[in-house]
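As the structure is a prediction and not an experimental result, all values here were calculated from the model. When reading the values below, keep in mind they use all heavy atoms of this one structure, side chains included, and skip hydrogens, waters and symmetry mates.
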Amino acid sequence: MATSPETVDFILEKLGMPDHFSARKMFGEYALYADGVTVALVCDDQLYVKILSESAELVDLCEQDTPFPGARPHYLVEEHQLSTISQLPEILLEIAKSLPKKK
């Protein structure tokens, strides 16, 4: 099932900071970018955040799941958590800072 553009718009709206967050369609799903770096995926209308030390705050809040078969596990941020995890934008920005920038 492909992700709807409305879901991506909803996630971006909940994150706020439009100067920092964007998404790009890839194979019917989306990559979520923070400052131009991929930090999460939106697959099957669900947000999957990369598991890194910078996202450790999510360990007790989110289930782990794979966005597609064969993928590494990610934190699954459910729809209601987009409003309740207030530090999510900051976590995503910290992930972006920790990863190499595209050349």
Just so I know, are the side chains of [X] and [Y] near enough to count as touching, which here means a heavy-atom distance under 4.5 Å?
| X | Y | answer |
| --- | --- | --- |
| Asp35 | Phe21 | no |
| Glu29 | Asp44 | yes |
| Leu32 | Val49 | no |
| Leu93 | Met17 | yes |

Are Tyr48 and Leu99 joined in one hydrophobic group, where the rule is that I, L, V, M, F, W and Y side chains link up if heavy atoms are under 4.5 Å apart?
->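 Different clusters: Tyr48 never reaches Leu99 through Ile, Leu, Val, Met, Phe, Trp or Tyr contacts under 4.5 Å.
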Name all residues meeting the side-chain contact (heavy atoms from CB on, under 4.5 Å) criterion together with Ala31; count only those two or more places apart in sequence or in a different chain, and write none if there are none.
->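 Ala31: side-chain contact (heavy atoms from CB on, under 4.5 Å) contacts with Met26, Tyr33, Thr38, Leu41.
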side-chain contact (heavy atoms from CB on, under 4.5 Å) partners for Val8, two or more places apart |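 Listed in chain order: Thr3, Leu12, Ala23, Tyr30, Val42.
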Side-chain donor-acceptor distances from residues 55-68 under 3.5 Å, at least two apart:
unit_1 : atom_1 : unit_2 : atom_2 : d
Ser55  : OG     : Lys50  : O      : 2.8
Ser55  : OG     : Leu52  : N      : 2.9
Ser55  : OG     : Leu52  : O      : 2.9
Glu57  : OE1    : Gln87  : NE2    : 3.3

For Ser83, check side chain to side chain donor-acceptor pair (under 3.5 Å) against everything at least two apart and list the hits.
->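 Once residues adjacent in sequence are excluded, the partners of Ser83 under the side chain to side chain donor-acceptor pair (under 3.5 Å) criterion are Lys14.
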Applying salt bridge (charged side-chain N to carboxylate O under 4.0 Å, His left out), which residue pairs with at least one partner in residues 80-97 are found, sequence neighbours left out?
->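 Listed once each, the pairs are Glu94-Lys97.
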Where at least one partner belongs to residues 15-28, residue pairs that pass salt bridge (charged side-chain N to carboxylate O under 4.0 Å, His left out), sequence neighbours excluded =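 Output for this query is empty, none listed.
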Over all atoms of both residues, closest heavy-atom pair of Gln81 and Leu76 =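 That closest heavy-atom pairing would be OE1-O, 3.7 Å.
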Looking at Ala2 and Asp45, what are the two nearest heavy atoms and their distance?
->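 Closest approach of Ala2 to Asp45, heavy atoms only: O-OD2, 4.2 Å.
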Stepwise side-chain contact (heavy atoms from CB on, under 4.5 Å) test for Arg72 and Ile51 | CA-CA 9 Å; Arg72 291 182 181 178; Ile51 296 177; over 6 Å; no
Quick one: pull up CD1 in Ile11 and OG1 in Thr7 and give me the separation to the nearest 0.5 Å.
->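 Result: 6.5 Å between the selected atoms.
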Run through Leu82, Leu15, Leu47 and flag the one making a side chain to side chain contact (heavy atoms under 4.5 Å, CB included) with Phe10.
->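 In the set Leu82, Leu15, Leu47, the residue that makes a side chain to side chain contact (heavy atoms under 4.5 Å, CB included) with Phe10 is Leu82.
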